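The structure under discussion appears below in the form of structure tokens.
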Amino acid sequence: RSLLNGAELHIGNNKQGMFDMFTLERQIREQEITHIVLLPAVLQELDLSSSNIKFVGSAGSECSAELVEKYRNIYFYNAYGPTEYSVWTTFKMFPPTLQYEKEKQQPVPIGRPILNTNIYVLNDHLKPLPIGGIGELYIGGLGIATGYCNMEELTAEKFVANPFLEGEMLYKSGDLVKFTDDGDLLF
């Protein structure tokens, strides 16, 4: 996507400095990087105050309210998604200066489905749960994988027919989630 929109794509390949925060911070500053997506644990340790960063993305593990607060002066988003569905499935944007009420809502929402994605919170009988009901997250849509290579048994277990849309498969994520009153998912 970066290249299609006239931007540069920077991929870290310095194996020795890979886990060195100072090296990463210097690369971000010197290469004038404006958008990054990193694990929450890495974002928590970074000092981006003297950089050109405009968008920070958190993905790969649970995001804390403190992390949202740390980046409240720039665009911050929290993303969720398994590899079995085109990496990202849901997305929640926190615009600059939005006061995130961390006391009111823990954990941080993982948002709503991306375009052409269907998500369902279902019980053990593949029935939808009401808002606030905790159930397993099932994912369908254009980004779903066709299964696991040479692992037919696991494919049959994790990829099931969508009971709501004929001809569509759902990925059974194993993750427990619930919908909030405003339509976001909580992990």
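In this text, all values refer to a predicted model and were calculated from it rather than measured experimentally.
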Would you say Leu122 ends up clustered with Leu165 if hydrophobic residues are merged whenever their side chains have heavy atoms under 4.5 Å apart, either directly or through other cluster members? yes

Evaluate the criterion side chain to side chain contact (heavy atoms under 4.5 Å, CB included) for residue pair Glu168 and Asn118; output intermediate values, then yes/no. CA-CA 10 Å; Glu168 180 179 270; Asn118 302 312; 3.1 Å; yes

Interatomic spacing from CD in Glu157 to CD in Glu152 - rounded to 0.5 Å: 13.5 Å

Evaluate the side chain to side chain contact (heavy atoms under 4.5 Å, CB included) criterion for residues Val42 and Leu24: first the C-alpha distance (whole Å), next the side-chain angles of each, then the deciding distance (0.1 Å), finally the verdict. CA-CA 10 Å; Val42 175; Leu24 180 57; 3.9 Å; yes

Met93 vs Phe55 side-chain heavy atoms within contact, under 4.5 Å: yes

Find out whether Phe91 and Pro113 are in side-chain contact, i.e. whether some heavy atom of one side chain is under 4.5 Å from a heavy atom of the other. no

To the nearest 0.5 Å, what is the distance between CG on Leu170 and CZ on Phe159? 10.5 Å

Rounded to the nearest 0.5 Å, what separation is found between the CD1 atom of Ile53 and the CD1 atom of Ile36? 4.0 Å

Expected output: side-chain Tyr85 to main-chain Ser173 donor-acceptor under 3.5 Å: no

Rounded to the nearest 0.5 Å, what's the gap from CG on Leu185 to OG1 on Thr90? Could you check? 6.0 Å

Nearest heavy-atom approach of Ala79 to Trp88 is CB-CE2, 3.6 Å

Do Tyr77 and Ser58 have side-chain N/O donor and acceptor atoms under 3.5 Å apart? no

Any chance you could measure Leu186, atom CG, to Ile110, atom CD1, to the nearest 0.5 Å? 8.0 Å

Any Tyr120 side-chain heavy atom under 4.5 Å of Leu129 side chain: no

For Tyr75 versus Pro95, what's the shortest heavy-atom pair and its separation? CD2-CA, 3.9 Å

Quick check: do His35 and Leu9 have side-chain heavy atoms less than 4.5 Å from each other? no

Walk me through whether Cys63 and Phe94 qualify under side chain to side chain contact (heavy atoms under 4.5 Å, CB included). CA-CA 12 Å; Cys63 175; Phe94 298 90; over 6 Å; no

Would you indicate whether the side-chain heavy atoms of Ile33 and Ser51 approach each other to under 4.5 Å? no

Treat each ILVMFWY residue as a node, draw an edge where side-chain heavy atoms are under 4.5 Å apart, and state whether Met169 and Tyr138 are in one component. no

In terms of hydrophobic clustering (I, L, V, M, F, W, Y; side-chain heavy atoms under 4.5 Å; direct or indirect links), are Leu43 and Val108 co-clustered? yes

Heavy-atom neighbours of Lys70 NZ exceed 12 at 6.0 Å: yes

Would you check if Glu136 and Lys172 make a side-chain contact, meaning some heavy-atom pair closer than 4.5 Å? yes

Shortest non-hydrogen contact between Ala59 and Val37, atoms and distance: CB-CG1, 4.2 Å

Determine whether a donor-acceptor pair (N or O, by modelled atom type, separation under 3.5 Å) exists between the side chain of Tyr171 and the backbone of Ile139. no

Identify the two heavy atoms, one from Ser50 and one from Arg29, that lie closest to each other, and give their separation to 0.1 Å. OG-CD, 3.1 Å

Any donor-acceptor N or O pair under 3.5 Å, side chains Asp175, Tyr80: yes

Taking the side chain as every heavy atom from C-beta outward, state whether Asn78 and Val68 have any atom pair closer than 4.5 Å. no

Nearest 0.5 Å, please: how far is CZ in Phe22 from CG in Leu46? 10.5 Å

Transitive ILVMFWY side-chain link Phe164 to Leu126, under 4.5 Å: yes

Is any side-chain heavy atom of Leu48 closer than 4.5 Å to a side-chain heavy atom of Val56? yes

Minimum heavy-atom distance Pro107-Glu62, with the two atoms named: CB-OE2, 3.3 Å

Please report the C-alpha distance between Lys54 and Ile74 in whole Å, then the side-chain angles of each, then the deciding distance to 0.1 Å, and finally whether the side chain to side chain contact (heavy atoms under 4.5 Å, CB included) criterion is met. CA-CA 6 Å; Lys54 293 177 176 51; Ile74 57 177; 5.8 Å; no

If the test is side-chain contact (heavy atoms from CB on, under 4.5 Å), which one of Arg26, Gln27, Glu32 qualifies with Glu30? Arg26

What one should report as the nearest heavy-atom pair of Asp184 and Pro109 is CB-CB, 3.9 Å

For the hydrophobic clusters of this structure (ILVMFWY residues joined by side-chain heavy atoms under 4.5 Å, transitively), does one cluster hold both Leu176 and Val160? no

Please say whether more than 12 non-hydrogen atoms of neighbouring residues, nucleotides or ligands are located less than 6.0 Å from OH in Tyr148. yes

